[in-house]
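Quick notes on the structure that follows.
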Amino acid sequence: MHKQPPLTFRQLHLPYPKHGIIGHRGLASQAPENTKASFIAAATAGLSWVEFDIQPCASGEWVVFHDETLSRMGHGSKRIRECQLHDLQSLDIGSWFNPMFTNERILSLNEVLPLLSQLRLHPNIEVKLFDNEDSLLMANLAIELGSLIQAHWPDQSTAPALVSSFSYPFLTAMRAQYPDCPIGYLVEGFNEQKIEIATAASFNTLHADKKSLVTYLDKHDIKSQLPIFCYTVNDAPTAKRLFDKGISAIFSDKAKLFG
Ligand code: G3P
Ligand code: MG
């Protein structure tokens, strides 16, 4: 089969991430992940894109938070899904990283999107769903998320937000509701079948873990046109190898990998 180059960011109607780097959870090496400080750090370091994680909380809002529970941040084992927004927003989620970040609070999606626009950072919104949701709930979550993005991401018509998830059912619900929404399929354990699944579902990008992708690329070239992003890459030799092999972008906790 003739090897096709991956689609360009322009063909995907997305801006190009400067140096091919998407800041991971903001810029997680410099500030507590997924906080305002982390997004400011990414912008200050010259990045043009950030990835961050969201999930629904008990009062219905989408909050910017990676884990299923609060325990890593030192606030007990309660699930985010069982907490009200105003309780979540009273918690310090910065001092676990460094006492200088004691004022960092959990952001809602409504708050983070205008902040990123102000900072000129393009969003990759990763949707974390920890429960097995039924298809009706998936459709409702997709509709809610799509309308929030449309209401709060000012550049949605010219530079749309990229929505990604490990949840295939959520992404298919999102695609059904929003045919034009850029969608990234997150996988752990890269293989050609994952490309076939993403292509068949009309997703726009495939986001693969570093270990399995590097192992695959040691033996094979990628023949598909589907752009592939790799998480999480914090060293220059791996980043260079991935870019040489045609990987379109990497997620990194660091802004400067080369020099
Ligand atoms: O979206 C890429 C990457 O963030 C996926 O893994 O666990 O860091 O959300 P995780
Ligand atoms: Mg993530």
Side-chain angles (χ1 to χ4, degrees), residues 9 12 14 17 19-39 41-42 47-57 62-73 79-81 93 96-97 106-109 112-113 116 121-131 141 145 149 160-168 170-171 174 181-190 194-195 197-198 203-214 216 226-235 238-239 242-243 247-255 257:
F9 282 87
L12 292 172
L14 293 170
H19 308 304
I21 297 178
I22 299 173
H24 183 232
R25 309 183 193 174
L27 190 58
S29 64
Q30 298 300 308
E33 63 189 49
N34 287 328
T35 62
K36 185 173 180 181
S38 195
F39 299 125
L47 290 182
S48 63
W49 275 62
V50 281
E51 180 262 9
F52 58 95
D53 309 284
I54 64 162
Q55 55 184 302
C57 69
W62 290 87
V63 291
V64 181
F65 201 78
H66 178 273
D67 295 358
E68 184 174 1
T69 74
L70 291 160
S71 52
R72 191 161 53 95
M73 309 285 156
R79 299 178 75 218
I80 302 298
R81 198 73 192 256
I93 58 154
W96 71 275
F97 183 87
I106 293 179
L107 298 165
S108 68
L109 181 65
V112 80
L113 290 175
L116 297 185
L121 288 169
H122 194 77
N124 171 200
I125 304 170
E126 184 193 338
V127 177
K128 296 278 188 206
L129 294 171
F130 298 101
D131 296 327
L141 287 172
L145 179 62
I149 295 172
L162 174 63
V163 173
S164 62
S165 184
F166 286 103
S167 169
Y168 176 83
F170 177 76
L171 294 182
M174 198 73 197
C181 176
I183 288 180
Y185 182 33
L186 263 160
V187 297
E188 195 167 359
F190 177 83
K194 303 280 169 46
I195 295 181
I197 293 169
F203 300 152
N204 306 92
T205 54
L206 182 70
H207 303 183
D209 68 285
K210 177 177 71 175
K211 189 162 178 265
S212 69
L213 185 58
V214 166
Y216 181 90
L226 189 73
I228 302 195
F229 295 6
C230 184
Y231 66 89
T232 304
V233 181
N234 289 327
D235 68 288
T238 306
L242 289 165
F243 289 136
I247 297 311
S248 300
I250 58 169
F251 298 93
S252 184
D253 299 316
K254 298 181 181 175
L257 291 176

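Counting convention: from 1, in listed order, for ligands and their atoms alike. Since the structure is predicted, the reported quantities are computational estimates derived from the model, not experimental observations.
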*In chain order, what residues pass the salt bridge (charged side-chain N to carboxylate O under 4.0 Å, His left out) check against E51, with sequence neighbours excluded?*
none
*Who pairs with D131 by salt bridge (charged side-chain N to carboxylate O under 4.0 Å, His left out), at least two apart in sequence or on another chain?*
R79, R81
_ligand 1-proximal atoms of L186, by part, heavy-atom distance under 4.0 Å_ =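 Under 4.0 Å from ligand 1, L186 contributes side-chain atoms alone.
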*Any idea which part of N124 is under 4.0 Å from ligand 1, heavy-atom wise: side chain, backbone, both or neither?*
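The answer is neither.
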*asked:* Just to check, does H207 reach to within less than 4.0 Å of ligand 1 when the distance is taken from its heavy atoms?
replied: no
_Please report the interatomic distance CG(N124) to CZ(F52), rounded to the nearest 0.5 Å._
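Rounded to the nearest 0.5 Å, the CG-CZ separation comes to 8.0 Å.
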Please write down residue, atom name and distance for the protein heavy atom closest to [atom].
{"atom": "atom 5 (C) of ligand 1", "result": "E126 OE1, 3.4 Å"}
{"atom": "atom 1 (O) of ligand 1", "result": "E51 OE2, 2.8 Å"}
{"atom": "atom 10 (P) of ligand 1", "result": "H66 NE2, 3.3 Å"}

_Listed partners of K194 passing side-chain hydrogen bond (donor to acceptor under 3.5 Å, both in side chains), at least two apart_ = none
*Report, in ascending order of atom number, the atoms of ligand 1 lying under 4.0 Å from any heavy atom of K128.*
7 (O), 9 (O), 10 (P)
_Numbered atoms and elements of ligand 1 in range of R25, under 4.0 angstrom, heavy atoms_ =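 Those atoms are 7 (O), 8 (O), 10 (P).
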So, [X] side chain and [Y] main chain: donor-acceptor pair closer than 3.5 Å or not?
{"X": "S248", "Y": "F229", "result": "no"}
{"X": "T205", "Y": "P227", "result": "no"}
{"X": "D53", "Y": "E126", "result": "no"}

*Heavy-atom distance under 4.5 Å between the side chains of L113 and I125, does that happen here?*
yes
*Parallel, tilted or perpendicular for Y185 and F203, by the 30°/60° rule?*
tilted
*Identify the two heavy atoms, one from L12 and one from N204, that lie closest to each other, and give their separation to 0.1 Å.*
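L12 and N204 have their closest heavy atoms at CD2-O, 3.8 Å.
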*Provide the protein N, O or S atoms situated under 2.8 Å from the Mg ion (ligand 2); waters are not included.*
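Listed by chain and number, the nearby protein N, O or S atoms are E51 OE2, D53 OD1, E126 OE1.
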